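Fair warning: this is a prediction, and the values are worked out from it, not measured in the lab. Residue numbering restarts at 1 for every chain, and letters A, B, ... go by the order of the sequence lines.
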Amino acid sequence: QTSEVVIGATYPLSGSGAQVGVDAQRAFETAIDIINNDQEFDLPLAKGVGLPGLGGAKIRIVYADTQGDPQKGRAEAERLITQEKVCAILGSYQSAVAVTISQICERYQTPFMSADNSSPSLHRRGLKYYFRASPHDEMFSAGMFDFLDAMKKKGAKANTLALFHEDTIFGTDSANAQTKLANERGYKIVADIKYRANSPSLSAEVQQLKAANADVLMPSSYTTDGILLVKTMAELGYKPNAIVAQAAGFSEKALYDAVGDKLEGAITRGSFSLDLAAKRPMVGKINDLFKAKSGKDLNDNTSRQFMAMIIMADAINRAKSTDGEKIRDALAATEMSGEQTIMPWKRVKFDEMGQNNDADPVLLQYIGGKFVTIFPTQAAVADAVWPMK
Amino acid sequence: MTALLETRGVWQRFGGLVANSDVSISVGRGEIVGLIGPNGAGKSTLFNLIAGVLPPTQGSIWFDGEDVTKMPAAERCQRGVGRTFQVVKSFETMSVIDNVIVGALVRNTVMREARRKAHEVLEFTGLAARADVLASDLVPAEKRRLEVARALATEPKLLLLDEVLTGLTPTEAQTGVALVRKVRETGITVLMVEHVMEIVMPLVDRAIVLDLGKVLVEGKPADVVRDPKVISAYLGDRHAQSA
Amino acid sequence: MDKSFTERRRRELLVAASLAVAAALVPLFVKNPNVQNIMILTLMFGALSQSWNILSGYCGQISLGHALYFGLGAYVTTLLFVKFGVLPWFGMIAGGIFCALIAMALGYPCFRLGGHYFAIATIVIAEIGLLLIQNWEWAGAALGIEMPVRGDSWLKFQFARSKLPYFYFALALACVAWFVTWWLEDSKWGYWWRAVKDNPDAAQSLGVVVFDSKMGAAAVSAFLVAVGGSFYAMYVSYIDPGSVMGFQFSLLMALPAVLGGIGTLWGPLLGAVILIPLTELTRSYIGGSGRGVDLIVYGTLIVLIALARPEGLIGLFSRKGATR
Amino acid sequence: MTAETIIQSLASGLLMGLLYGLIAVGLALIFGLMDVVNFAHGEFLMLAMYVTFFLFTFFAIDPLLSAPLAAAALFVLGAAVYLLIVRFAMRAKANVGMVQIFATFGLAIVMRGLAQLLFTADYRSVPHSWLGGKTVSVAGIFLPQPQLFGALVAIAAFGGLYFFINRTDFGRALEATREDPGAVALVGIDKNRVFALGWGIGGALVGLAGAIMATFFYIYPDVGASFALIAYVTVALGGFGSVFGAFAGGIVVGLVEATTALVLPPSLKSVGIYAVYLLVVFVRPRGLFGSM
Amino acid sequence: MLKVHEVTTAYQGLVAISSVSIDVEKGEIVCVAGANGAGKSTLLKSIAGAERPRSGTVTFDGKRLDGMAQHLITATGIAYVPENRRLFPRLSVRDNLRLGSYLYRGEADREGPLDLVFTLFPRLSERLEQRAETLSGGEQQMLAIGRALMTRPRLLMLDEPSQGIMPKLVDEIFQAVKRIRDAGMTVLIVEQRMAECLEIADRAYILQTGRVLMQGASAEIRGNPDVRKAYLGL
Ligand SMILES: Nc1ncnc2c1ncn2[C@@H]1O[C@H](COP(=O)(O)OP(=O)(O)OP(=O)(O)O)[C@@H](O)[C@H]1O
Ligand SMILES: Nc1ncnc2c1ncn2[C@@H]1O[C@H](COP(=O)(O)OP(=O)(O)OP(=O)(O)O)[C@@H](O)[C@H]1O
Ligand SMILES: [Mg+2]
Ligand SMILES: [Mg+2]
């Protein structure tokens, strides 16, 4: 019997995405801690030591640095599979890198789970070994528009939208989804600003936002540009009526450390909410475990990374084998209730393309220095403050 | 038969400075002509105009019966103008033989031929022993010889030599003089700038004196050195005495 | 006539042939895909750097924008295949010719520029190319394009697991790049290029048409780099603007030649043989820590090599090689 | 497009341009006047921002006050980089420029790695500085105070450097050393001293830029990459060898960037900068005011 | 004043001068002559610190120079005009001259040497704003000597100063050298034009393939029949 099960994790560990990769390492370690040791959580595999299906084998994780480069991600995935003998791979933050990693995994019949990639195209490529438990941009955006619909019904002013998105896969996908939904549901896009990621200046962009003066500003930006955007808005005297962000930078602590005072009332979509701790105490405890390692609260990314590890381990346990095909079948058969996760999801169940369609996003509002869940109603702990302060 | 080279009323201005003014000279086939004159008289500038480094501000240049005023330097070389630079411009990272091969390629498209030609020229100029040395390792006198070798390798009709025999002891200079004579024997016309009268005067068939950008005097070397204008502008008293 | 020279040329050819044969045998013994991947990358970067060396090393026109040709080669091949079903073999040639033309079109205004002005022009032109593709929906924009994978096929040059075909292609590419360099080195062009690099004024006076020389070098260089780009697209089977046209890529293409010996026949390959495994191994074995240690090690080694052998590592083998 | 938008664009562009100028001024000295390539310029800026950040976080020194300290720290770094690395890279017989590029490129990678190791990959920022987030508004046109202050510092830095290069013997020595480092000993100049000092001053100027940037920009190990290319283009656009050129280059870059975004999608705004660079050098191969 | 003792200098293992010893006394003009490649330039480079001697010593006013950095040697009062002049090509004539006075840039009196330069070479005063690279060959030579004089040297070392200079000016330069000596400087000069040089020199050395072949007072050397044949072309 194997006493050890090796899982690979491919992340940018140097370069401009390094911070996310490093935080991901802490999230995975937290998950492994829970799996490998006996813990009192209502999570699969928490109780008892290791994977019972494999005679108590423990999970070991091997990290590989992709530097955000598809070619390197591919090479690292192949190395993990052939040399480190990993039986599954988790990844990978940048969607472009997920494309090549999932290809390699397909060729080696090794399951790959996108923990935090949100590009909708990823699961639509007919790959057998590709899985994603968390929502993709279309689901996220749908959640955001559901929320806007609800607000409008309550009489809030939310007719015109300004999209502000970076020119990467993430930004483009997000904007495409938002444009489609806006057209379908009768919102008017008064500004659609695509900017270059990590620009030295966003003044020109902010000015156009200001001129458009939409009811809702919808940014899709990573932390760096998020910080610069908010600072530039303050400098150019632009106070939007409401911000509804496509997470990313807007769910990062660093952003609120830098410009939190200017974001009172900002709303972001998310796949995770600490408010859940009230209903599900386990969430708070796991957050504490994570915080002890990283000094940060779980956020949108780290919570999804944590869950990816749990779900993958659960499948391996059920497969009772480290054989790729068996794990794949086990993953395909996954049926996990929402309560068994730390997420506000209904359940975890993959469709034939490997996508979990029951992972509902939530909307969070930044109020008084922390996030509160405001949507959907069953998860909400407060009403949305609209317009933002 | 027409002259090989003719400049017709050539002017060259640099901003306010007139380096050549209304220079009309002609060089016949097979001649060795000395171009002399004070420092800054415009000799090298005239060479640059003939070789096509710059277009003259005014006037025209005729070579081998053709108006070449607007022709670029490389093409003039192909027509048969070979030149050396007063401030040597070797290809420093290339060996001596490779330097010469560049020149030889003008008339030899087959590499083997070009290489053979280059070796021949090195023999001719006495640089054969240094063939594989890097040009940057040559001492100045050798670099000047390399300039000549490169120009000869292009098999020119007209060879412009800008102070290639300076910095030699009298004995060595005699070897240089013999070399120039040998060059002429192969049918090449020579126009040379040189300040050392002991070398120029016995060598040239004719001397042209430039001063302040203009042709001052032109004639047989013996006559030229006696010309009071030349003595006062260029040669100085010592030569006046010896002449 | 000049026996030693002919002999040296023949010896170089012999050494190259033996090395190529030896390299061809390696994957028969080394089956580890990771090692094979490193070997493929080494050969690819060796070939790219060898091609870069033609324009920048021999002809002295330092280009820091060769990623443009690499990226365009990759895009032309991929787009022709995905959108029009043109087999990559033809796409590769098309990409090469396209890039050679682009290089000449760009050379027309750029070759008037000297030194750093030229280098920076090459950088910004490549960046413009990157930005335009990044915003061009039809070509996939930021999403990039994936080559549909449909099982092993020589016709489509696709192999799911076997790396041998890619290896031999990369080896062939490196051999071609080397041979072209070797051949051009003792040709009119080779001499013209080096003359232009050392002293354009003198070159002109010796009948060298400086502009044509630069154009020739640019076309050959761009063609080969574009073929390298096509190969990359087929090998990785996914391209996006950032990963094939980024500025970093231009630097990575030049780096082996500089470290091995710029403007030398063997420098780029030697540089690649040392540098690429170093890059891959530091990342694979110390990059996982997430603390930047791999960068420190990798960067330090680059600095040390550059300083210890400013003329290139080839100087370790022969003084002559270093200065030719 | 209203008149106000255009005026605001021009104002923002001008301020940003002066800031680019400030970032480029150190490079204008090292790259433009000494003809030594420093590919780690962006990383110098990154380090200066971290120095400012840590002085603020641990000692509560406002960036305005710590700017001289950042300048001093970067002076030492600049001089050290010359003495320990570039000096040896310059010994190459051929292709000195390329060797410098890669020696400093290696240095840039090391600096990024070290920053990640020592400061972690987290994004930092200086949240509450005296100027941070403050803005002056004149007739509906907003002028952020950090950029305004940066613009003033930039003008002062350019003025100082101009005086230094054109009016002092050291400036002349610097030019001579660039022309022929082997020949300055003939007049008794120690080329290493001149260059080390030049690098030091170049570093100090980046230090100033970093301190000001820290008041409104985020900080992380790779932040330099966003500015490096713009700085190179700025110096080249203005023309190598000219301090005034780099100053003008900065302003042109800022204005072009701001106005391009009015007509093209903002994601293409650097295309405007690049196109202007190409146009300028195609017409004037030595940039706007270059001498080399 | 200057003592070169048994100096050997080599380029990449190739010995260019071996065990050369020469002396220069204060106020002298000393001429060094010899065929191409005899090692004359190498001797001057070894004194000036441009090449490091492999063995032997160089002392100047009792101070050891060998092994000292080149710029410090300049600061001890030795000015060296190399064969290829090494002007700063893109700087103006004025700046080239001004840089000559870099060592005493703090001092008020920088005009003294400048006056001397302009008296010796009035042409330079007409060309002050021109870039050095566009000067004619002869003008460049004047500038190189002028720049060296600006360092206020006690010993001036000239490597073939007459090269590329028109006949009238050659005489003037040699006369200038004499006047430079009369202004209190010592001169060590390498020349091919031995005849002219010996006229002004007090003593001379003749080098052959890296060794001192002959030395003595000018008149003595000039009278030597071998020298007349080999070097004076008589
Ligand atoms: N590019 C230029 N710009 C400005 N002035 C120039 C340029 N080239 C040459 N001159 C000037 O033109 C004049 C003629 O120079 P040229 O080099 O032709 O003289 P020369 O007769 O060859 O002198 P020498 O015998 O000293 O070599 C000189 O006064 C020189 O300073
Ligand atoms: N940089 C160098 N590299 C290699 N060898 C050199 C170098 N400089 C000089 N030599 C060699 O050293 C010897 C002496 O050269 P040096 O220049 O001192 O002679 P010289 O007497 O000054 O000759 P010239 O009259 O030509 O100026 C020569 O054989 C020369 O080839
Ligand atoms: Mg001349
Ligand atoms: Mg000499």
Side-chain angles (χ1 to χ4, degrees), chain A residues 12-23 164-168 171-172 192-211 222-228 230-238 249 252-262 294-296, chain D residues 1-2 4-5 8-9 11-13 15-16 19-20 23 109 112-113 116 120-128 132-135 137 140-147 213 215-223 225-227 229-231 254 257-262 265-271:
Chain A
L13 295 171
S14 53
S16 61
Q19 186 243 350
V20 173
V22 172
D23 285 351
F164 178 81
H165 57 99
E166 57 169 54
D167 61 348
T168 62
T172 315
D192 179 2
I193 292 171
K194 179 171 174 181
Y195 69 93
R196 179 120 179 92
N198 292 322
S199 281
S201 152
L202 291 175
S203 334
E205 288 83 347
V206 167
Q207 228 176 283
Q208 295 186 14
L209 289 177
K210 187 180 173 191
Y222 286 123
T223 314
T224 50
D225 296 324
I227 295 177
L228 190 59
V230 177
K231 288 206 173 188
T232 310
M233 284 184 347
E235 284 163 4
L236 293 184
Y238 172 43
E252 289 288 342
K253 179 174 183 289
L255 182 107
Y256 294 91
D257 284 349
V259 290
D261 53 334
K262 301 183 183 72
S294 67
K296 302 172 185 175
Chain D
M1 206 184 303
T2 63
E4 193 183 311
T5 324
Q8 175 75 62
S9 288
S12 302
L15 287 187
M16 206 54 210
L19 205 66
Y20 290 147
I23 295 167
I109 294 180
R112 274 184 235 165
Q116 191 173 343
T120 79
D122 284 347
Y123 303 107
R124 321 281 191 148
S125 61
V126 175
H128 303 289
K134 302 218 172 72
T135 156
S137 134
I141 306 298
F142 288 83
L143 304 172
Q145 289 187 13
Q147 275 97 322
M213 292 296 301
T215 59
F216 71 102
F217 216 76
Y218 49 85
I219 305 164
Y220 75 117
D222 276 47
V223 68
S226 309
F227 292 94
L229 185 54
I230 288 220
E257 186 187 52
T259 45
T260 308
L262 292 176
S267 56
L268 288 176
K269 69 184 179 182
S270 21
V271 169

Side chain from CB out, backbone as N, CA, C, O: work out which of these in [X] comes under 4.5 Å of a heavy atom of chain D, or both, or neither.
| X | value |
| --- | --- |
| A/K194 | both |
| A/L236 | both |
| A/K253 | neither |
| A/D261 | side chain |
| A/D257 | backbone |
| A/L255 | neither |

Quick one: are A/S199 and D/E257 in side-chain contact, heavy atoms under 4.5 Å? no
Less than 4.5 Å apart, side chain to side chain, heavy atoms only: is that true for A/Q207 and D/S9?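 Yes, at least one pair of side-chain atoms sits under 4.5 Å.
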Taking every heavy-atom pair that is under 4.5 Å apart, which of [options] has the most such pairs with chain D?
| options | value |
| --- | --- |
| A/G21, A/G260, A/A258 | A/A258 |
| A/A211, A/A18, A/A197, A/G17 | A/A18 |
| A/G237, A/S203, A/A234 | A/G237 |
| A/R196, A/E205, A/E166 | A/E205 |
| A/L13, A/T223, A/I193, A/D23 | A/T223 |

For residues 216-223 of chain D, which side-chain N or O atoms pair as donor and acceptor with protein atoms under 3.5 Å away, sequence neighbours left out?
none

At what distance, to the nearest 0.5 angstrom, does [atom1] of [X] lie from [atom2] of [Y]?
| X | Y | atom1 | atom2 | result |
| --- | --- | --- | --- | --- |
| D/L262 | A/Q208 | CG | CD | 6.5 Å |
| D/S267 | A/H165 | OG | NE2 | 8.0 Å |
| D/M16 | A/L202 | CE | CG | 9.0 Å |
| A/D167 | D/L268 | CG | CG | 8.5 Å |

Residue set satisfying ring-ring contact (aromatic ring centres under 6.0 Å, His included) with D/Y20, at least two apart, ordered chain then number -> none
Under a 4.5 Å heavy-atom cut-off, does chain A meet the side chain of [X], its backbone, both or neither?
| X | answer |
| --- | --- |
| D/Q116 | side chain |
| D/Q147 | side chain |
| D/Y123 | both |

Taking all atoms of both residues into account, what is the closest heavy-atom pair of [X] and [Y], and its distance?
| X | Y | result |
| --- | --- | --- |
| D/D122 | A/K296 | OD1-NZ, 2.8 Å |
| A/P200 | D/S226 | CG-O, 3.8 Å |
| A/A204 | D/A258 | CB-O, 4.2 Å |

Taking every non-hydrogen pair under 4.5 Å, which of D/P127, D/A225, D/P144 racks up the most with chain A?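 Winner by heavy-atom pair count: D/P144.
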